[in-house]
There are 2 protein chains.
Amino acid sequence: MVLSSYKNEDKVLLALDCIIFGFDQEELKILLVKRDFEPEKGKWSLIGGFLKKEENLDEAATRILRYLTGLNNIYMEQLYTFSKVDRDPAERTISVAYYALIDIATHDKALLKQNPVQWFSLKEAPTLIFDHHLMVEKAISRLRRRALTKPIGFELLPPKFTMRQLQKLYEAILDKKLDKRNFINKFNSLDILIKLNEKDMSSSKKGAFLFKFDEEKYRRKVEDGFIFKI
Amino acid sequence: MVLSSYKNEDKVLLALDCIIFGFDQEELKILLVKRDFEPEKGKWSLIGGFLKKEENLDEAATRILRYLTGLNNIYMEQLYTFSKVDRDPAERTISVAYYALIDIATHDKALLKQNPVQWFSLKEAPTLIFDHHLMVEKAISRLRRRALTKPIGFELLPPKFTMRQLQKLYEAILDKKLDKRNFINKFNSLDILIKLNEKDMSSSKKGAFLFKFDEEKYRRKVEDGFIFKI
DNA sequence: GGGAATAAGTGTTTAAATTACTCTTTTGTA
DNA sequence: TACAAAAGAGTAATTTAAACACTTATTCCC
């Protein structure tokens, strides 16, 4: 059985579901869609789709996300494959979960065109169909760990951001308050940010300097054995 | 397409492949099988099989492993799902990789009955079929990270082991030398080992005390917020 | 124009964790 | 009985993490 040819094996439907994280300067959000077909029509769900014969999973996830947001170049990562026998009551499907990170401010216009999708704060998200809550839970815990060892947080911010925004993002991801001075000292010691000669005046009278992530410098440091660890 | 019913979607073959790690008191090994069917008949491969309609992936991985080793209660964890379109030249298959940890000494007899399987040291393993080398690579890096934050190493040791054996295991997993005193101090401070009133006399004249992992104590500590970190 | 309000920006001290490091003990075997 | 072979045990130095509070710049309002 295990060691035999595979002519007579069962085939299955392979779905993909995307946990799309966004950040709005205050809290982490996820993008959900109101399902417009059975089963579970009218309920909130992760964005999903099915794998096609001619594509691999990363490509399928990208296609599904682009179909929804109209955007390429989104950070995505495969999360886990969910396979409970009756997870979808309509038909046996296995679902590979991906998570994506996008900056809400930059991408909101494209999304707003799509009627049935909506951002929900993590803490106020509605009940989801199937096992989607498990997927979200696992995605949060992966994001939390990943944010400490890879600079993926920048995917959730605009290209230029203040230190305050960066700190608030990490506080949202880790769900705990951080000390301002320690945070800034730590990040400065990593030496992967470029301080711009520009201030953001929207949040204070003094104005806060804008920074951007120095992707090239980061890459070079990694090549030299540097490990990002906040 | 994404938001439509799923009557007409493509179905695929869903395979599983298991990276089985073992430890023989000196180095990390993986268990491979000589493939006895086409394609790639006669070449070395990970242990694999296909998902059946009535089981989920964890169950399938357990079944496949039991079929091979005759054993239950093996530590297994889902690793990643591989989906390159032409990864299997015979037919489009998606493969979910699992990795398992077993103590070679305890389980070797059962394995020896199975002719086509063989242990290979990681550094001397033969070329593998398909994308199995990617699976192994990813499994090693997962194991390496996991071993630092979960006491999974004990799965690779006999129930009773010496401090020396434990250290050698960690050295094998992390692929670097560790300082004997620091290692022992660190582990003692975790306070999850039971020192037995028994010595292993096989490796020295003085004899080395045997220890065992206190699973119950570990569980209780975790409940109190303890995080294993070596 | 002066003062109040608001958030930005900045270092030091203390505690904790990690690393580096070597000699003595035990006991079986020659 | 002495030699070989691995076990066992503690301290000092360094690095990293955590706690902590005041000054500065600017706008807005009076």
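Numbered from 1 within each chain, the chains take letters A, B, ... in sequence-line order. None of these values were measured; they are calculated from a predicted model.
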Under-3.5 Å donor-acceptor pair between Lys205(B) side chain and dT26(C) base: no

Mutual orientation of the aromatic rings belonging to Tyr218(A) and Phe213(A) [parallel < 30°, tilted 30-60°, perpendicular > 60°]: tilted

Most 5' of Lys180(B) and Lys229(B) on DNA chain C, judged by nearest nucleotide: Lys229(B)

Nearest-angstrom distance from the residue atom NZ of Lys177(B) to P of dA20(C): 15 Å

Start and end of chain B contact along DNA chain D [non-hydrogen atoms, under 4.0 Å]: dA4(D) to dG10(D)

Nearest to side-chain heavy atoms of Lys186(B), which nucleotide of dA20(C), dT18(C), dT10(C): dT18(C)

Nucleotide nearest Lys206(B) when distance is taken to its side chain, options dT22(C), dA20(C), dT26(C): dT26(C)

Test item: Arg146(A) side-chain N/O and Ile152(A) main-chain N/O as donor-acceptor pair under 3.5 Å: no

Phe183(B) CZ to dC21(C) C1', straight-line distance once rounded to whole Å: 18 Å

Upstream residue (5' side of DNA chain D) when Thr162(B) and Asp179(B) are each assigned their closest nucleotide: Thr162(B)

Between CG on residue Asp103(B) and CD on residue Glu155(B), distance to nearest 0.5 Å: 10.0 Å

Derivation and outcome, salt bridge (Lys or Arg N to Asp or Glu O under 4.0 Å), residues Glu171(B) and Lys176(B): CA-CA 5 Å; Glu171(B) 289 179 338; Lys176(B) 68 174 178 195; over 6 Å; no

Nearest-Å distance for atom pair NZ/P, residues Lys195(A) and dG9(C): 6 Å

Point-to-point distance, once rounded to the nearest 0.5 Å, from OH of Tyr99(B) to CD1 of Ile20(B): 13.5 Å

Side-chain (Glu27(A)) to main-chain (Ser121(A)) donor-acceptor, under 3.5 angstrom: no

Whether Lys123(B) side chain and Leu28(B) backbone form a donor-acceptor pair below 3.5 Å: no

Phosphate OP1/OP2 of dA8(C) contacted by Arg164(A) side-chain N/O (<4.0 Å): yes

Nearest-angstrom distance from the residue atom CD1 of Ile184(B) to C1' of dC21(C): 15 Å

Which nucleotide in dA5(C), dA8(C), dT10(C) has an atom nearest any side-chain atom of Ser203(A): dA8(C)

Whole angstrom value for the distance that separates P of dG9(C) from CZ of Phe187(A): 15 Å

First of Met201(B) and Arg181(A) reached from the 5' end of DNA chain C, by closest nucleotide: Arg181(A)

